[in-house]
Amino acid sequence: MSAGVSFGLLSGFDHLTQEWNSYKSRLNQWFIANDVDDVKDKCKVKRKAILLSAFSEATYKLASNLVLPKELDEVEFDDIIKILDEHFTPKKCGFAERFHFYSAVQRPGESHSMWAARVRGLAAHCSFKSLEEAVLDRFVMGMVAGHEKDKLFAQSLKELTLSKAVELAESVRCAREAAAALGGARSAAAAAPAVGAGGAPVFSITNGEKCSVCGYSNHKADKCRFKSYKCKKCGKKGHLRRMCSSNKVHYVDEESVDDGDDVFAG
């Protein structure tokens, strides 16, 4: 590595807003990427300087208080790491951790892969004798009710693993969403008005109110394209002969509207 050049971004650490174990892991990776090891930093003086210089003011003060009565710059790198580990890593109580594990449920909007990862994290300090079995049980039992959960309930326990359960749940979700999208497209197509020759709407029978002009439904009389026609039977404008009050009204079904001898009144 060339002098003055470093690989990766090493951010500062503030214990008030960041998690120590995560930062420590990133710090170790930065040391590896930049060849800061026991060969080039045998006494870990450089690693200690890098660590302390990355601390925020509040974290530096905390670390100084934790090593009292010694001064922080007098303490070895490994001892500083150990002291910070003890301070930031809370003691785990097995049954308390298991309580959190067994009470966990999939959150609304949480994907199955994210839910599986969270279950694994919750099981980390539970000391299960059969970790994989416990994680699989919680993953399935804690899932949001739906087709995915129903599908997993029907699977054989002998063949099911967590990875297979996640894969199966995702495939069911994808199929369900595709079916819903297809159903929505069909509903939209069915709701769209049919268009005849010349772009004129083709009126069809519905359960709605019948038009007093032509006898069809799906539109009101003031929107009817025959509202300006004159009835041949009574000579009045505003309805077709089939709807004339002097006749017994016959509502149309599937045949096309035929104005017959009725004429456009203009």
Side-chain angles (χ1 to χ4, degrees), residues 1-94 96-98 100-101 104 106-107 109-132 134-136 138-139 161-167 169-170:
M1 183 178 64
S2 302
V5 179
S6 62
F7 295 104
L9 176 63
L10 180 62
S11 62
F13 175 68
D14 187 341
H15 72 282
L16 299 177
T17 58
Q18 294 170 274
E19 202 270 327
W20 164 246
N21 285 330
S22 177
Y23 183 81
K24 183 178 67 172
S25 178
R26 291 178 54 235
L27 178 65
N28 287 332
Q29 293 303 312
W30 191 90
F31 286 154
I32 293 172
N34 292 278
D35 297 327
V36 183
D37 51 27
D38 291 339
V39 175
K40 295 185 177 181
D41 185 32
K42 185 176 181 180
C43 297
K44 300 185 180 181
V45 174
K46 188 173 184 178
R47 276 170 281 191
K48 173 184 171 181
I50 293 172
L51 173 65
L52 296 182
S53 63
F55 284 169
S56 67
E57 185 68 26
T59 302
Y60 193 94
K61 184 176 181 180
L62 171 66
S64 298
N65 292 335
L66 291 175
V67 301
L68 287 175
K70 294 182 178 180
E71 294 293 330
L72 189 57
D73 56 6
E74 297 175 354
V75 182
E76 299 290 338
F77 173 80
D78 288 338
D79 291 334
I80 295 175
I81 295 294
K82 182 179 178 181
I83 290 171
L84 292 177
D85 282 343
E86 293 176 350
H87 179 77
F88 289 120
T89 305
K91 298 296 184 292
K92 301 293 183 180
C93 179
E97 295 300 315
R98 289 191 179 190
H100 294 305
F101 175 83
Q106 187 179 12
R107 297 164 181 163
E110 186 175 35
S111 69
H112 297 101
S113 57
M114 292 175 63
W115 165 230
R118 187 157 65 89
V119 172
R120 278 196 175 279
L122 290 170
H125 301 284
C126 291
S127 301
F128 288 121
K129 293 181 179 179
S130 179
L131 178 61
E132 289 299 317
V135 171
L136 175 60
R138 190 64 241 153
F139 173 78
T161 63
L162 180 63
S163 60
K164 288 182 179 179
V166 173
E167 182 180 357
E170 282 296 305

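These values consider heavy atoms only, across backbone and side chains, with no hydrogens, waters or symmetry-generated copies.
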field: From Ser56 atom OG to His15 atom NE2, the distance as rounded to the nearest 0.5 Å
entry: 7.0 Å

message: Rounded to the nearest 0.5 Å, what separates atom NZ in Lys40 from atom CG in Asn34?
response: 9.5 Å

message: Please enumerate all residues that pass salt bridge (Lys or Arg N to Asp or Glu O under 4.0 Å) together with Glu167, with sequence neighbours excluded.
response: none

message: Could you report the tightest heavy-atom contact between Val135 and Ala123, atom names first, then the distance?
response: CG2-CB, 3.9 Å

task: Return the set of residues passing salt bridge (Lys or Arg N to Asp or Glu O under 4.0 Å) with Arg120 (not counting sequence neighbours), or none when no residue passes.
output: Glu132

query: How would you list, by chain and number, every residue that makes a side chain to side chain contact (heavy atoms under 4.5 Å, CB included) with Leu16, sequence neighbours excluded?
result: Asp14, Ala58

query: Between Phe101 and Ala134, which heavy-atom pair has the shortest distance, and what is it?
result: CZ-O, 3.3 Å

- prompt: How many angstroms lie between atom NE2 of His87 and atom CG of Leu62, to the nearest 0.5 angstrom?
  reply: 4.5 Å

- prompt: Looking at CG of Leu136 and CG of Leu131, how far apart are the two atoms once the value is rounded to the nearest 0.5 Å?
  reply: 11.0 Å

query: side chain to side chain contact (heavy atoms under 4.5 Å, CB included) with Ser25: which residues, sequence neighbours excluded?
result: none

query: Excluding sequence neighbours, so at least two apart, what forms side-chain hydrogen bond (donor to acceptor under 3.5 Å, both in side chains) with Asp38?
result: Arg47

field: pair Arg26-Ser11: side-chain heavy atoms closer than 4.5 Å
entry: yes

Donor-acceptor pairs are to be reported for all side-chain atoms of residues 72-83 against protein atoms at under 3.5 Å, with residues two or more places apart or in another chain.
residue: Glu74; atom: OE1; partner: Glu71; partner atom: N; Å: 3.4
residue: Asp78; atom: OD1; partner: Lys44; partner atom: NZ; Å: 2.9
residue: Asp78; atom: OD2; partner: Lys44; partner atom: NZ; Å: 2.9

message: Tell me the closest heavy-atom pair linking Asp41 and Lys46, and the distance in Å.
response: OD1-N, 3.0 Å

Exercise: identify the closest heavy-atom pair between Phe7 and Ala33: CD1-O, 3.6 Å

Considering all heavy atoms, the nearest Ala116-Leu162 contact: CB-CD1, 4.3 Å

task: Output all residues satisfying salt bridge (Lys or Arg N to Asp or Glu O under 4.0 Å) with Lys24, sequence neighbours left out; order by chain, then residue number.
output: Asp85

task: Any ring-ring contact (aromatic ring centres under 6.0 Å, His included) involving residues 23-62? Give me the pairs, sequence neighbours left out, ordered by first then second residue.
output: Phe13-Tyr23

statement: Across all chains, not counting sequence neighbours, the side-chain hydrogen bond (donor to acceptor under 3.5 Å, both in side chains) partners of Lys70 are none

task: Could you tell me which residues satisfy side-chain hydrogen bond (donor to acceptor under 3.5 Å, both in side chains) with Gln29, sequence neighbours excluded, listed by chain and number?
output: none

task: Would you indicate whether the side-chain heavy atoms of His112 and Gln106 approach each other to under 4.5 Å?
output: yes

Qualifying residues under salt bridge (Lys or Arg N to Asp or Glu O under 4.0 Å), relative to Glu110, sequence neighbours excluded: Arg118

- request: Please identify each residue that fulfils side-chain hydrogen bond (donor to acceptor under 3.5 Å, both in side chains) with Ser64, with sequence neighbours left out.
  value: none

query: Backbone N or O of Phe139 within a donor-acceptor pair of the Trp115 side chain at under 3.5 Å?
result: yes

